[in-house]
Amino acid sequence: MISVDNIGVDFGGRTLFNEVSFVINENDKIALMGKNGAGKSTMMKIIAGVQNANRGNIRYPKETVIAYLPQHLLTDDNCTVFEETSKAFSQIFQMRDEINKLNSELETRTDYESEAYMKIIERVTELGEKFYSIEEINYDAEVEKALMGLGFKRSDFKRMTSEFSGGWRMRIELAKILLQKPDLILLDEPTNHIDISSVMWLEDFLINKAKAVVVISHDRAFIDNITNRTIEVTMGKIYDYKANYSHYLQLREERRSHQIKAFQEQQKFIADNMAFIERFKGTYSKTNQVNSRERMLEKLEIIEIDEVDNSSLKLRFPPSVRSGDYPVTVKDLSKSFGDHVVFKDANMVIERGQKVSLVGRNGEGKSTMIKAIMGEIEVEGTCQLGHNSKIGYFAQNQASLLDDELTVFQTVDEIAQGDIRTQIKNILGRFMFSGDDIDKKVKVLSGGEKTRLAMVKLLLEPVNLLILDEPTNHLDLKSKDVLKEALLNFDGTLILVSHDRDFLRGLSEKVFEFKDKRVNEHFMKP
């Protein structure tokens, strides 16, 4: 059992949360929820021990193993995928090596009665009790199972980690965490950059094999599937629900309705007493009653109503010229990197106004196809854009392409043209950048803020062909809902790559599935 006791954090001149307490039990699967900036990631870092609270402490048994996967990773690139993943067992290997070293030393020493000799004996005994109590496992097989489950192929095992993107390196870190079999797993946005099959594998692991889990995620389907408890961080406090995310939303609304009713009743009570005080102030016979009511009102604790996150990403795609009947035509398209065939003889015809999704495991060629459509890579076959196609393109790494030294305002101002320059502040406000936010430098923005800013840049020009490669990574639930609504109302042609099951649902009328070097076309049921 892990106990969070009266945690308090002050940040930037304000109290982020104060006197927060809760207990994490052995098999709890907890979703940590709250609006952006409420302190979810800070709370997780404190539990993980990578950040200190201003007040309070975290208590847990000495042998407790806590594993933490942050949003942004800084990993070394000096070994293979298999070697890096095997570091999950480094403490066990170090223990084994120390035992062997000490036993070798004992074989050569003859000072059997000395204090130094006895200390070695004590150390060997202590390590041996720990080492031999560990369940005997095939470490290589466990590493292979974890990597395969997270989407790696055996041919990847001997490749250097430097050859992989940040998303794939995140999977390596996730594999290391899972292999440690910790008492508590802390996951901050674990589903970003992993495909649907890997998400489902992770769900199965967390539900059936993991002990306690605390997760921050904007993937509604993922947190609904794995959690049995929701802790909401709001207004410096927490509310603890024995319910998954969807049920929590209902309970939260009920709680707020009760708060509003209680607040209104309290305000009426205050008004009635204030009226009594004003009416009889100075009346000798009522002096004691007046004083009593004044003291009562001074001590009265005003009921607070939970804040509602009314900030929203109000996307409005500007009208554009009409494109030709077939904005994208792909015929007999093939792409290889050396001996590795990504896809072969692929055919796609996308009609004007269609909303299509490219789906499949990571590495099957979805992003490669988009790069082919954009003319960024050489391919065999035909890839043709239709007449009058005006493209808006959001790549997976779009947010990372922003200039870190520019402010939010400068980022937009340098590309805005004409009358729209007079509306920059209003546009940024619709993307939840308001007040001092517009003067922040890009380098201090969160992943979600960078993604929203990249979208502002994308949407300043009218387009009739929108190509989005994983646009929801780092977006919160409300932002994703508003983006989805905007895409449903977009009257141009949409090509979408996303591993977010909830986001894709109801959005696509046609799917191109990338599997085993082929591209198969499917129509979705209306």
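Throughout, numbering of the chain's residues begins at 1 and tracks the sequence. The structure displayed is predicted, hence computed values, not measured ones.
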Item to check | Heavy-atom side-chain proximity of N464 to T493 below 4.5 angstrom | outcome: no
Checklist entry - Do K390 and P462 touch side chain to side chain, with heavy atoms closer than 4.5 Å? => result no
Checklist entry - Would you find a donor on one side and an acceptor on the other, under 3.5 Å apart, between the side chain of T227 and the backbone of I30? => result no
Next on the checklist: Once salt bridge (charged side-chain N to carboxylate O under 4.0 Å, His left out) is applied, what residue pairs with a partner in residues 358-367 remain, sequence neighbours excluded?
Outcome noted: none
Checklist entry - At what distance, to the nearest 0.5 angstrom, does CG of L249 lie from CD of E232? => result 9.0 Å
Next on the checklist: Treating K480 as the side-chain partner and T472 as the backbone partner, does any N or O pair qualify as donor plus acceptor under 3.5 Å?
Outcome noted: no
Next on the checklist: Go through it in stages, so that I can follow the logic: the residues are I185 and I177, the test is side chain to side chain contact (heavy atoms under 4.5 Å, CB included), and I'd like the CA-CA distance, side-chain angles, deciding distance and then a yes or no.
Outcome noted: CA-CA 8 Å; I185 300 176; I177 284 176; 3.9 Å; yes
Checklist entry - Taking atom CD1 of I438 and atom NZ of K425, what is their separation to the nearest 0.5 Å? => result 4.5 Å
Checklist entry - Does F82 have any ring-ring contact (aromatic ring centres under 6.0 Å, His included) partners at least two apart in sequence or in another chain, and if so, which? => result F157
Next on the checklist: Within a 6.0 Å radius of atom CG on N27, are there more than 12 heavy atoms belonging to other residues, nucleotides or ligands?
Outcome noted: yes
Checklist entry - Which pairs pass salt bridge (charged side-chain N to carboxylate O under 4.0 Å, His left out) with one or both residues in residues 322-339, sequence neighbours excluded? => result D325-R352
Next on the checklist: Listing request: all ring-ring contact (aromatic ring centres under 6.0 Å, His included) pairs with a residue in residues 324-356, at least two apart in sequence or in separate chains.
Outcome noted: none
Checklist entry - Tell me, which pairs form a salt bridge (charged side-chain N to carboxylate O under 4.0 Å, His left out) where one or both residues lie in residues 144-162, sequence neighbours left out? => result E142-K145, E144-R154, D156-R159, R159-E163
Item to check | Polar side-chain atom of K484 near backbone of D502 as donor-acceptor pair, under 3.5 Å | outcome: yes
Next on the checklist: According to side-chain contact (heavy atoms from CB on, under 4.5 Å), who are the partners of E376, at least two apart in sequence or on a separate chain?
Outcome noted: K371, M374, Y393
Next on the checklist: Give me the atom names and distance for the closest heavy-atom approach of V330 to C383.
Outcome noted: CG2-SG, 4.0 Å
Checklist outcome for this item: d(T407 OG1, K441 NZ) to nearest 0.5 Å is 8.5 Å
Next on the checklist: With heavy-atom distances below 4.5 Å as the criterion, would you say the side chains of L468 and V497 are in contact?
Outcome noted: no
Checklist entry - To the nearest 0.5 Å, how far apart are CG in L178 and CD in E173? => result 11.0 Å
Item to check | Worked check of side chain to side chain contact (heavy atoms under 4.5 Å, CB included) between L333 and V519 | outcome: CA-CA 10 Å; L333 200 70; V519 179; over 6 Å; no
Next on the checklist: Whether the side chain of T230 engages the backbone of A243 through a donor-acceptor N/O pair (distance < 3.5 Å, no angle test) should be reported.
Outcome noted: yes
Checklist entry - Do you know the tightest heavy-atom contact between A346 and M369? => result CB-CE, 3.9 Å
Checklist entry - So, the side chain of N347 versus the backbone of D345: is there a donor-acceptor pair under 3.5 Å, distance only? => result yes
Checklist entry - Side chain of Q51, backbone of I46: donor and acceptor closer than 3.5 Å? => result no
Item to check | Pairwise side-chain contact, M348 with E521, heavy-atom cut-off 4.5 Å (strictly under) | outcome: no
Checklist outcome for this item: For D404, the side-chain contact (heavy atoms from CB on, under 4.5 Å) test, sequence neighbours excluded, returns V442, K443, K450
Checklist entry - Going by heavy atoms in the side chains, are I231 and V214 under 4.5 Å from each other? => result no
Next on the checklist: Tell me the closest heavy-atom pair linking E449 and F433, and the distance in Å.
Outcome noted: O-CZ, 3.3 Å
Item to check | Closest non-hydrogen atom pair between A48 and I66, with its separation | outcome: CA-CG2, 4.4 Å
Item to check | Derivation of the side chain to side chain contact (heavy atoms under 4.5 Å, CB included) call for V328 and Q354 | outcome: CA-CA 11 Å; V328 176; Q354 277 189 330; over 6 Å; no
Checklist entry - I226 versus K29: any side-chain heavy-atom pair under 4.5 Å? => result no
Item to check | Student check: side-chain heavy atoms of M455 and Q398 closer than 4.5 Å | outcome: no
Checklist entry - Does any non-hydrogen side-chain atom of I350 lie less than 4.5 Å from one of L465? => result no
Checklist outcome for this item: Sorted by chain and number, sequence neighbours left out, ring-ring contact (aromatic ring centres under 6.0 Å, His included) with Y248 holds for Y241, Y245
Item to check | Exercise: identify the closest heavy-atom pair between V356 and S508 | outcome: C-OG, 4.0 Å
Item to check | Set of residues satisfying salt bridge (charged side-chain N to carboxylate O under 4.0 Å, His left out) with respect to K440, sequence neighbours excluded | outcome: D437
Next on the checklist: Quick one, F152 with T85, criterion side chain to side chain contact (heavy atoms under 4.5 Å, CB included). Give me CA distance, side-chain angles, the key distance, then yes/no.
Outcome noted: CA-CA 12 Å; F152 288 92; T85 309; over 6 Å; no
Next on the checklist: Tell me every residue that passes salt bridge (charged side-chain N to carboxylate O under 4.0 Å, His left out) with D224, counting only those two or more places apart in sequence or in another chain.
Outcome noted: none
Can I get a per-line list of side-chain donor-acceptor pairs under 3.5 Å for residues 202-212, giving both atom names and the distance, sequence neighbours left out?
from: E203; atom 1: OE1; to: N225; atom 2: ND2; distance (Å): 3.3
from: E203; atom 1: OE2; to: N225; atom 2: ND2; distance (Å): 3.3
from: E203; atom 1: OE2; to: R501; atom 2: NH1; distance (Å): 3.4
from: E203; atom 1: OE2; to: R501; atom 2: NH2; distance (Å): 2.5
from: D204; atom 1: OD1; to: N208; atom 2: ND2; distance (Å): 2.6
from: N208; atom 1: ND2; to: D204; atom 2: O; distance (Å): 3.3
from: K211; atom 1: NZ; to: D183; atom 2: OD1; distance (Å): 3.4

Next on the checklist: Could you report the tightest heavy-atom contact between I223 and S217, atom names first, then the distance?
Outcome noted: CG2-CB, 3.5 Å
Next on the checklist: Could you work out, with side-chain contact (heavy atoms from CB on, under 4.5 Å) as the rule, every residue matching K101, not counting sequence neighbours?
Outcome noted: none
Item to check | D219 side, atom CG; D500 side, atom CG - distance, nearest 0.5 Å | outcome: 5.0 Å
Item to check | Audit row: K344, E380, salt bridge (Lys or Arg N to Asp or Glu O under 4.0 Å) steps and yes/no | outcome: CA-CA 9 Å; K344 186 175 180 61; E380 297 178 12; over 6 Å; no
Item to check | Interatomic spacing from NZ in K457 to OG1 in T411 - rounded to 0.5 Å | outcome: 6.5 Å
